[in-house]
Amino acid sequence: EDKVVQSPLSLVVHEGDTVTLNCSYEVTNFRSLLWYKQEKKAPTFLFMLTSSGIEKKSGRLSSILDKKELFSILNITATQTGDSAVYLCAVESRDDKIIFGKGTRLHILP
Amino acid sequence: KAGVTQTPRYLIKTRGQQVTLSCSPISGHRSVSWYQQTPGQGLQFLFEYFSETQRNKGNFPGRFSGRQFSNSRSEMNVSTLELGDSALYLCASSVQGEAYEQYFGPGTRLTVT
């Protein structure tokens, strides 16, 4: 059965800290891995990763994929209170199915 | 450009009833996907509609159904509601169904009592 597992489930850090969120997957016919940020209701898209070893970067956020070991990490440097959210990892398969992890709830203390 | 809208935003139903949720995609988007989000199971894919046809379906019982109209608006119906159907139901639209180009709506919070 296809699955996406995120860790940790929740994380509390202080503003300015760097955090690393993990996502491992077992999905047949992998196409892409996606990261989303969900603050209140609607998740917003962060990154899509399809190739191993190529870092995607957007400001203080970056992500990388390892297709051999079947995992991805999302890094956030110099965290701010506005980074507090649930971060979702999802894997899309070539038959157009999308499987989400349960998310990592990140709370940044001022 | 207006975002994805969902109605109603909140709904309370009792067991055994049925419910219909509505999703209006971004103008020009032909794909609408529905998701169920619960604390225990996280975000789970229900189904995707593209040009009025169901293109993909997740692992949910037949009580969950949907349809899409010619203007790309979509409805989701849940019949014979169960307590476990209490969840946030999100829809997302995209031009062709690309996951990385999905825009999510604010969701409908359904509570079944």
Side-chain angles (χ1 to χ4, degrees), chain A residues 1-10 21-25 27-51 54 56 58 61 63 65 72 74 85-106, chain B residues 2-11 21 23-26 29-51 53-60 87-110:
Chain A
E1 184 185 335
D2 293 339
K3 62 181 180 181
V4 176
V5 178
Q6 292 186 246
S7 64
L9 288 181
S10 66
L21 310 183
N22 304 293
C23 176
S24 65
Y25 62 92
V27 175
T28 52
N29 295 316
F30 173 92
R31 175 190 287 166
S32 64
L33 185 143
L34 307 113
W35 284 96
Y36 294 86
K37 178 182 181 182
Q38 186 175 24
E39 290 180 84
K40 290 179 181 175
K41 293 287 176 65
T44 53
F45 171 76
L46 293 173
F47 298 113
M48 181 179 76
L49 302 146
T50 56
S51 301
I54 298 174
K56 291 283 182 86
S58 176
L61 278 67
S63 183
L65 173 68
S72 173
L74 174 69
V86 174
Y87 290 84
L88 296 165
C89 170
V91 173
E92 190 183 22
S93 64
R94 291 189 188 281
D95 57 357
D96 296 327
K97 293 277 172 40
I98 183 163
I99 305 105
F100 280 83
K102 292 187 180 180
T104 293
R105 184 173 296 279
L106 176 63
Chain B
V4 179
T5 57
Q6 291 186 245
T7 57
R9 294 293 309 279
Y10 301 90
L11 203 49
L21 312 181
C23 173
S24 292
I26 291 171
H29 286 193
R30 294 164 64 192
S31 168
V32 174
S33 295
W34 288 89
Y35 299 87
Q36 181 196 65
Q37 188 171 33
T38 60
Q41 297 299 319
L43 196 60
Q44 293 182 286
F45 172 74
L46 280 156
F47 29 65
E48 183 211 359
Y49 283 87
F50 182 84
S51 292
T53 302
Q54 187 181 86
R55 191 159 69 170
N56 254 309
K57 192 175 189 307
N59 298 323
F60 277 81
L88 178 68
Y89 290 88
L90 292 163
C91 81
S93 77
S94 62
V95 176
Q96 297 280 355
E98 308 88 341
Y100 65 92
E101 286 190 347
Q102 283 188 109
Y103 291 84
F104 283 82
T108 293
R109 170 74 62 188
L110 171 65

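To find a chain, count down the sequence lines: A is the first, B the second, and so on, and within it residues start at 1. Atoms considered below: every heavy atom in the structure, side chains included; atoms not considered: hydrogens, waters and symmetry mates.
- For B/Leu43, the parts lying under 4.5 angstrom from a heavy atom of chain A are both the backbone and the side chain.
- Ranked by heavy-atom pairs under 4.5 Å with chain A, the first of B/Gly107, B/Gly105, B/Pro106, B/Pro39 is B/Pro106.
- Both the backbone and the side chain of A/Ile98 come within less than 4.5 Å of a heavy atom of chain B.
- Surrounding CD of A/Glu1 are at most 12 heavy atoms belonging to other residues, nucleotides or ligands under 6.0 Å away.
- Taking each heavy atom of B/Phe104 and A/Ala42 in turn, the nearest pair found is O-CB, 3.6 Å.
- Counted within 6.0 Å of CG on A/Asp95, heavy atoms from surrounding residues, nucleotides or ligands total more than 12; the atom is thus considered enclosed.
- There is no contact between B/Tyr103 and chain A, counting heavy-atom distances below 4.5 Å.
- Between the NZ atom in A/Lys102 and the CD atom in B/Gln37 there is a gap of 12.0 Å [rounded to 0.5 Å].
- Contact of A/Leu46 with chain B is not made at all, since no heavy-atom distance falls under 4.5 Å.
- At most 12 non-hydrogen atoms from other residues, nucleotides or ligands lie less than 6.0 angstrom from NZ of A/Lys3.
- Of the listed residues A/Ile99, A/Val86, A/Leu34, the one with more heavy-atom pairs under 4.5 angstrom with chain B than any other is A/Leu34.
- Atom-to-atom distance recorded for A/Met48:CE and B/Glu98:CD is 9.5 Å, nearest 0.5 angstrom.
- At most 12 non-hydrogen atoms from other residues, nucleotides or ligands lie less than 6.0 angstrom from CZ of A/Arg105.
- Going from atom OH of A/Tyr36 over to atom CD of B/Gln102 covers 5.0 Å, rounded to the nearest 0.5 Å.
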ask   = What's the verdict on side chain to side chain contact (heavy atoms under 4.5 Å, CB included) for A/Gln38 and B/Leu90, showing C-alpha distance, side-chain angles and the deciding distance?
value = CA-CA 12 Å; A/Gln38 186 175 24; B/Leu90 292 163; 4.0 Å; yes
